[in-house]
Amino acid sequence: MQNSLTIGVLALQGDYDAHAQALADVGATPKLVRAPQELTNAQGLILPGGESTTFLKFLEREGLLDSLREYVATHPTFGTCAGCILLAKEVLQPAQASLGVLDATVERNAYGRQVDSSIQIGETSLPGGPLEMVYIRAPRIQKTGKDVEILAERDGFPVLVRQKHLLAATFHPELSADRRVHRYFVQMVEEFAASRFGSSSRQKTTDQP
Ligand code: GLN
């Protein structure tokens, strides 16, 4: 891919390496983010799965919480599982702090404990047919606001949602061989970059012979 997009992956905890690999597989350049200054040239960001309470502790300790709040309010960000919990405006079971940008209520560990983790094949509106979804102590999106588009559901609850520049999944797409969800996110980042800088960034590549 020409002018490969640099996309950050929060690398404090959880399965960030698998996300970095998935991004590389779809032609983006992953960049591990562990400090606020590492966000500066990231055109998008992935908040991986892990444990949201641990993330919150690490984010505070590394001084990243405020910079992340600013970043996710204005840049394409994809939260998976614990990352989805971090993005949500409201978190239940128990209530906890978050970045508060995704207009959704998310209930932690809603499908039971670790033993209840599962792999399902579900319908999605992403092109290409049913999608494998790996759930690990997954949260459930109980409620979404009007600007939230539902891209996939499980038992009538959203599991993949988009709100403008934000994407969130309650499952782990990085653990499946299917790269459609990461490709979709990279397209969101591309569109965002193009709309922000007008057509100039695209122009450069198309002007070349
Ligand atoms: N249960 C975790 C939490 O509440 C999320 C699990 C995951 O990211 N796989 O933070």
Side-chain angles (χ1 to χ4, degrees), residues 7-23 30 32-34 44-62 64-65 68-69 71-72 77-122 124 131-144 148 150-155 157-163 166-182 184-185:
I7 300 188
V9 183
L10 185 67
L12 296 179
Q13 194 239 354
D15 57 346
Y16 49 84
D17 273 333
H19 276 292
Q21 184 58 54
L23 287 171
L32 300 185
V33 171
R34 296 193 170 98
L45 180 69
I46 292 183
L47 305 176
E51 194 60 41
S52 54
T53 47
T54 312
F55 270 120
L56 285 168
K57 275 187 209 137
F58 285 177
L59 288 173
E60 272 181 33
R61 197 188 65 192
E62 301 303 319
L64 254 165
L65 202 51
L68 259 194
R69 275 211 174 93
Y71 187 92
V72 303
T77 304
F78 178 22
T80 59
C81 206
C84 167
I85 297 169
L86 287 177
L87 288 178
K89 280 195 176 159
E90 188 181 25
V91 180
L92 305 176
Q93 204 170 293
Q96 67 184 29
S98 70
L99 300 170
V101 279
L102 178 69
D103 193 2
T105 300
V106 176
E107 181 191 346
R108 295 180 60 209
N109 300 314
Y111 297 95
R113 311 298 303 174
Q114 188 85 22
V115 291
D116 299 312
S117 298
S118 66
I119 299 178
Q120 318 248 333
I121 308 289
T124 171
L131 184 69
E132 179 182 277
M133 301 172 187
V134 179
Y135 292 94
I136 304 173
R137 283 179 304 119
R140 183 186 278 145
I141 299 176
Q142 299 285 17
K143 216 166 59 186
T144 52
V148 178
I150 296 167
L151 302 171
E153 285 182 347
R154 172 184 177 183
D155 304 331
F157 291 95
V159 293
L160 178 63
V161 297
R162 176 174 180 176
Q163 176 191 311
L166 302 173
L167 184 68
T170 61
F171 57 96
H172 286 258
E174 75 286 1
L175 298 181
S176 295
D178 191 327
R179 293 298 186 221
R180 271 181 289 163
V181 182
H182 284 83
Y184 181 84
F185 179 60

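Computed from heavy atoms alone, side chains included, the values below leave out hydrogens, waters and symmetry copies. Just follow the structure's listing: the first ligand is 1, and inside any ligand the first atom is 1. All values reported here derive from a predicted model rather than from experimental measurement.
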Nearest heavy atom to [atom]: which of [options] does it belong to?
atom	options	value
atom 9 (N) of ligand 1	Q13, H172, R137	H172
atom 5 (C) of ligand 1	G83, G49, G50	G50
atom 10 (O) of ligand 1	A82, S52, A138	S52
atom 7 (C) of ligand 1	G79, C81, P48	C81

> Going by atom types alone, do R154 and Y135 pair a side-chain donor with an acceptor below 3.5 Å?
Replying inline: no

> Distance from I150 atom CD1 to I141 atom CD1, nearest 0.5 Å?
Replying inline: 8.0 Å

> Say you draw a straight line from CZ of R140 to CG of N109; how long is it, rounded to the nearest 0.5 Å?
Replying inline: 11.5 Å

>> Heavy-atom distances under 4.0 Å decide this one: backbone, side chain, both or neither, for T80 against ligand 1?
In response: neither

>> Below 4.0 Å, non-hydrogen atoms only: which portion of R108 touches ligand 1? Side chain, backbone, both or neither.
In response: side chain

> L64 and R34: which non-hydrogen atoms are nearest, and at how many Å?
Replying inline: CD1-O, 3.6 Å

> Y71 and L45: which non-hydrogen atoms are nearest, and at how many Å?
Replying inline: CE2-CB, 3.5 Å

> For ligand 1, which atoms have a heavy atom of I85 less than 4.0 angstrom away?
Replying inline: 3 (C), 4 (O), 10 (O)

> Against heavy atoms of I136, which atoms of ligand 1 measure under 4.0 Å?
Replying inline: 6 (C), 7 (C), 9 (N)

> Quick one: nearest non-hydrogen protein atom to atom 1 (N) of ligand 1, plus distance?
Replying inline: N109 OD1, 2.7 Å

>> Under 4.0 Å between a side-chain nitrogen and a carboxylate oxygen: does that hold for R108 and E51?
In response: yes

> Parallel, tilted or perpendicular: which describes the rings of F185 and F78, with under 30° parallel and over 60° perpendicular?
Replying inline: tilted

